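Chain letters run A, B, ... following the sequence lines, proteins first, then strands; residues in each count from 1. The structure displayed is predicted, hence computed values, not measured ones.
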There are 2 protein chains.
Amino acid sequence: MPGDASATLAVSTVIFALRREADSELATVWLPLVRRIREPYEGCWALPGGPLRSDEDLAVAAARTLNETTGLTPRYLEQLYAFGDVGRSAGGRVVSIVYWALVRSEEAEQASVGENVRWFAADDLPPLAFDHNLIVEYALWRLRNKMEYSRIAHAFLGETFTLAQLREVHEAVLGRALDPANFRRGIEASNAVVATDEVLLGTRHRPPRLYRYDSAIDLADQGPLPRLNDRPLIAPQQHLNDEGKNA
Amino acid sequence: MPGDASATLAVSTVIFALRREADSELATVWLPLVRRIREPYEGCWALPGGPLRSDEDLAVAAARTLNETTGLTPRYLEQLYAFGDVGRSAGGRVVSIVYWALVRSEEAEQASVGENVRWFAADDLPPLAFDHNLIVEYALWRLRNKMEYSRIAHAFLGETFTLAQLREVHEAVLGRALDPANFRRGIEASNAVVATDEVLLGTRHRPPRLYRYDSAIDLADQGPLPRLNDRPLIAPQQHLNDEGKNA
DNA sequence: TCAAAAGTGTTAGACGTACACCCATGG
DNA sequence: CCATGGGTGTACGTCTAACACTTTTGA
């Protein structure tokens, strides 16, 4: 066995945020893409990513390209899949290890958008480079699946939030309305969230109570895999979320 | 960006089979390991695998090393995870794309076991090379999780089987006894299985009916990912399972 | 006082679990 | 006939979806 891996190794990331359309009621899922500036697929939109550096972990590479693209720090980051079929690249074998990430909606609003970076509605994408349409589709499938049995919806929200806001996140991702009463009971029963003694003022109705994450509970069960969110993924720059409590 | 991936790319596979202990009632999960014949970790047991060849897909590489190790064809094969942290290899960066596979129990009984290949009980492993203990642990977690909401148990069985045999598979993987009556109803309601008009004779009680897979139903929902089992993973040798029907 | 959303209560059906019971075969 | 697992019936507790209803604010 001559033991040389004749394939390029790259890391890409599907970055999700929620965006409320100007007119519409429901928020929808959006993601940033970058325009390719070289062959193959020059001019096409593609997932942000790049070659793996020899001194960084896979998840760190994903967080780095995410940051380079959007200027943001991921609130949630999980490996999606390794795509490596022979024919997928057209011009040299490339194995892409793809992550998917969630960023806060408000931060995403003011995220940098250059000439070659643009946000798209996830369910209305143009034809992308390589097999990236399939990859986004798969990432969306995982996001929707995981929403049902984990707490990743919190990753889209700020420090405190109302149950209606949390419900809107679920509704946007799942694409259907949920019963407010039953949703409240479900969340309360899960203990994923703790009530603060504050309420949100300024509405034109009864002020809703504000809630906070229970930081002792992880956003998603990854099984025996070491949890990513326990350590910072990129070098401390501005203000990271660095609450390292455990139960 | 100097764009060269300075990491070796390898594919490994966690291969599961069920084995009934001579005395015990319950079957348990077993897997084959190979002894390393070179540094690092020379002499240690490790997952079967090897470098990725430039002309084969990732899943094909997994099926190939599985076949080279056990002489078997996987009944189920799924990508598990890509492990690529900087410090995991000790002597050169290695990114391992790991698959997990299920093989039929009877075939595994008579599988080739050379000097450097041995089967181990999955819950009683020695310290393995690299981070392979963690990998096996994660694969087991996935197997148990997936057993609850998919039909992968069928992969352990032959062409026809009784519901008691199918229940034994579930019990072995989940590690607890299941109510025969409720299990029957659950399986029947899922339509995963169709009754044949044959029964299994030779027992010392009422002969149980034999069942067959519904080949229109995939073993597990992989979402939008192309299904592996639709095409043969290794070149046709002896007698592959080649029923390519669809609903 | 009214509209609107927050928040609570109640009910009917689905579903999971436990277990009693009959059925059919080998010995 | 009897032991044994195959196979059926049934009842009970829990969970879920639907929706009526009360509460509390801004306007």
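- For residues 170-179 of chain B, the set of pairs meeting the salt bridge (charged side-chain N to carboxylate O under 4.0 Å, His left out) definition, not counting sequence neighbours, comprises B:Arg167-B:Glu171.
- Counting 5' to 3', DNA chain D first comes under 4.0 angstrom of a heavy atom of chain B and last does so at the ends given by D:dT4 to D:dT10.
- The backbone N or O of B:Val193 sits nowhere less than 3.5 Å from a side-chain atom of B:Arg212 that would complete a donor-acceptor pair.
- Residues satisfying the side-chain contact (heavy atoms from CB on, under 4.5 Å) criterion with A:Ile217, sequence neighbours excluded, are A:Arg151, A:Asp214.
- Under a 3.5 Å cut-off, the side chain of B:Arg104 and the backbone N or O of B:Leu157 do form a donor-acceptor pair.
- Of the residues in residues 189-197 of chain B, not one comes within less than 4.0 Å of DNA chain C through any heavy atom.
- In this structure, A:Tyr81 has its ring center at least 6.0 angstrom away from the ring center of B:Tyr81.
- Residues forming a side-chain hydrogen bond (donor to acceptor under 3.5 Å, both in side chains) with A:Ser12 (at least two apart in sequence, or on another chain): none.
- Across A:Val29, A:Leu128, A:Asp123, a single residue satisfies side-chain contact (heavy atoms from CB on, under 4.5 Å) together with A:Val136, and that is A:Leu128.
- Looking only at distances, no side-chain donor or acceptor of B:Ser96 sits under 3.5 Å from a matching main-chain atom of B:Val98.
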Distance-only criterion, 3.5 Å: show the donor-acceptor pairs between side-chain atoms of residues 197-211 of chain A and protein atoms not counting sequence neighbours.
from: A:Thr203; atom 1: OG1; to: A:His205; atom 2: O; distance (Å): 3.0
from: A:Arg209; atom 1: NE; to: A:Thr196; atom 2: O; distance (Å): 2.9

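- DNA chain D is contacted by no residue of residues 144-156 of chain B, taking any non-hydrogen atom closer than 4.0 Å.
- Residues that satisfy the side-chain hydrogen bond (donor to acceptor under 3.5 Å, both in side chains) test with A:Asn182, not counting sequence neighbours, are A:Arg185.
- Contacts of A:Arg142 classified as side-chain contact (heavy atoms from CB on, under 4.5 Å), with partners at least two apart in sequence or in another chain: A:Glu78, A:Leu80, A:Trp100, A:Tyr138.
- Residues meeting the side-chain contact (heavy atoms from CB on, under 4.5 Å) test with B:Ala172, sequence neighbours left out: B:Leu18, B:Ala27.
- Direction change of the helix axis from one end of the helix from C:dT1-D:dA27 to C:dG27-D:dC1 to the other is 10°, with five pairs defining each end axis (rounded to 10°).
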Along nucleotides 5-14 of chain C, 5' to 3', which nucleotides get a B, which get an S, and which get a -, given that the test is a protein heavy-atom distance under 4.0 Å?
SBSBBB----
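- Taking the six-membered ring for Trp and the full ring otherwise, B:Tyr76 and B:His154 have centroids separated by 6.0 Å or more.
- Between the side chain of B:Glu148 and the backbone N or O of B:Asn145, no donor-acceptor pair lies under 3.5 Å.
- A ring-centre distance under 6.0 Å is not found for B:Trp30 and B:Phe16.
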